[in-house]
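One structure is given below, encoded as structure tokens.
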Amino acid sequence: TWVLNLDSARPLSGPLATLRDGRYRLLAKAVDFAGNQSANSAPHQLVIDNTDPLPPTMQPFFYTNVAKPIIVGTGELNSVITLTLNNYSFTTTVASNRSWSVNTNTATPTPAGFQSLVNGTTYQASAISTDLAGNSSLAAIQSVVMDNVAPVAPIIISPAVSLSLTPTIEGIGESGTTAVINIDGTIYRTNVSSTGVWSFTVPTSLAIASHSVGVTLADAAGNISPAALQNLLIDPNALPAPVFTSARYTNNRMAPITG
């Protein structure tokens with residue numbers, strides 16, 4: 001074996017300037033004590049890279065209902081990602097499409113024995129990118145919330161009889177979830193407000209008939225609630241249901257109820 005230290009070696013002619021970042025073509029040949037010379041070696045490419053990669057990305061702040069989740073993101077091509085979660089570290093290589101993923105259920109952690117995430121706990125995940133030259137990025141930091149508890153079933157509060165062919169279906173449920181509305185097999189979605197109210201107006205006319213309505217709630221972690229069910233009758237000739245007009249909240253114990 002042989003070693004050439006460019007920092008201390010003396011060139012045969014001229015000075016050797018400090019190499020800048022870039023690609024260099026190297027050739028080598030052997031010369032013995034008698035002056036005999038070998039043929040040149042095959043060309044060798046040397047890449048000088050002193051630039052740190054950009055921090056990798058991870059999926060945004062997210063909830064999961066999987067105790068050993070899959071973490072995904074993007075990074076510099078061919079760099080190595082070191083992911084740290086719950087004091088365990090995993091490594092993976094960025095693919096040709098600049099994506100990376102770590103399945104904490106199957107990947108090998110350091111130290112061994114990755115512990116399942118605990119329900120209701122927020123964890124901090126960090127990811128660092130190290131390129132082929134050994135330069136490391138700053139850490140990307142992201143929160144991971146473990147939640148495997150399904151929301152309580154929603155409540156449908158709109159009438160079961162509608163005069164309109166495009167009725168508005170309303171109800172209450174856990175704030176921040178998504179109401180998934182199934183009408184005769186057609187799926188619609190709407191967000192539950194911060195006050196726990198959801199409302200959806202059917203965009204296409206329904207037939208004058210009875211229709212099956214089911215509503216579930218999906219939270220950010222992917223947990224699905226039990227369904228609330230209703231048989232919704234579309235009948236333009238039906239007697240309209242009464243509507244309350246009095247305030248929902250009052251401090252008057254004998255307040256009149258109006259509608």
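Computed from a predicted structure; not experimentally measured.
In this structure the side chain of N65 never reaches within 4.5 angstrom of the side chain of D147, judged on heavy atoms. Counting heavy atoms from C-beta on, the side chains of S79 and P53 never come closer than 4.5 Å. Taking the side chain as every heavy atom from C-beta outward, L206 and L165 never approach each other to under 4.5 Å. In this structure the side chain of V149 reaches within 4.5 angstrom of the side chain of N119, judged on heavy atoms. Looking at V144 and M146, their side chains never come closer than 4.5 Å, going by heavy atoms from C-beta outward. Put simply, the side chain of S136 reaches to within 4.5 Å of the side chain of T130, judged on heavy atoms. Here the side chains of T74 and P56 are not in contact, with every heavy-atom distance at 4.5 Å or above. In this structure the side chain of W198 reaches within 4.5 angstrom of the side chain of I156, judged on heavy atoms.
Relative ring orientation between F90 and F114 is described as perpendicular, the plane-to-plane angle rising above 60° on a 0-90° scale split at 30° and 60°.
The CZ atom of R23 sits 11.5 Å away from atom CD1 of I48, with the distance rounded to the nearest 0.5 Å. For the atom pair OH (Y63) and OG1 (T122), the distance works out to 7.0 Å, reported to the nearest 0.5 Å. Note that the CD atom of E76 and the CG atom of D52 stand 10.0 Å from one another [nearest 0.5 Å]. Rounded to the nearest 0.5 Å, atoms OG (S126) and CD1 (I141) are 4.5 Å apart. We find the CG-CG distance between D235 and L163 to be 7.5 Å, quoted to the nearest 0.5 Å. Atom-to-atom distance recorded for S116:OG and K68:NZ is 4.5 Å, nearest 0.5 angstrom.
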Report task. Report the C-alpha distance between I81 and V94 in whole Å, list the side-chain angles of each, state the deciding distance to 0.1 Å, and finish with yes or no for side chain to side chain contact (heavy atoms under 4.5 Å, CB included). Result -> CA-CA 7 Å; I81 301 297; V94 178; 3.6 Å; yes
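Between the side chain of D219 and the backbone N or O of P151 there is no donor-acceptor pair closer than 3.5 Å. Listed for the N86 side chain is no donor-acceptor partner under 3.5 Å among the backbone atoms of Y88. Here the side chain of Q115 pairs a donor or acceptor atom with the backbone of G113 at under 3.5 angstrom. A donor-acceptor pair is defined here as one N or O able to donate and one able to accept, closer than 3.5 Å; such a pair exists between the side chain of T104 and the backbone of P69.
Of all heavy-atom pairs spanning N252 and M254, the tightest one is OD1-N, 2.9 Å. Of all the heavy atoms in I71 and W100, the pair that sits closest is O-CZ3, 3.7 Å. Contact between D21 and N50 at its shortest, heavy atoms only, is OD2-N, 3.1 Å. Shown here for T190 and F200, the closest heavy-atom pair between the two residues is CG2-CB, 4.2 Å. Nearest heavy atoms, S101 versus V72: CB-CG1, 3.6 Å.
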Output side-chain donor-acceptor pairs under 3.5 Å for residues 166-173, partner residues at least two apart or in another chain, one line each.
from, atom 1, to, atom 2, distance (Å)
T166, OG1, S164, OG, 3.4
T168, OG1, T201, OG1, 2.7

Could you tabulate the donor-acceptor pairs under 3.5 Å formed by side-chain atoms of residues 174-185, not counting sequence neighbours?
from, atom 1, to, atom 2, distance (Å)
T177, OG1, E174, O, 2.6
N182, OD1, G185, N, 2.7
D184, OD1, S212, N, 2.8
D184, OD2, H211, ND1, 2.6

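Side-chain contact annotation: T110 with S89, donor-acceptor N/O pair under 3.5 Å absent.
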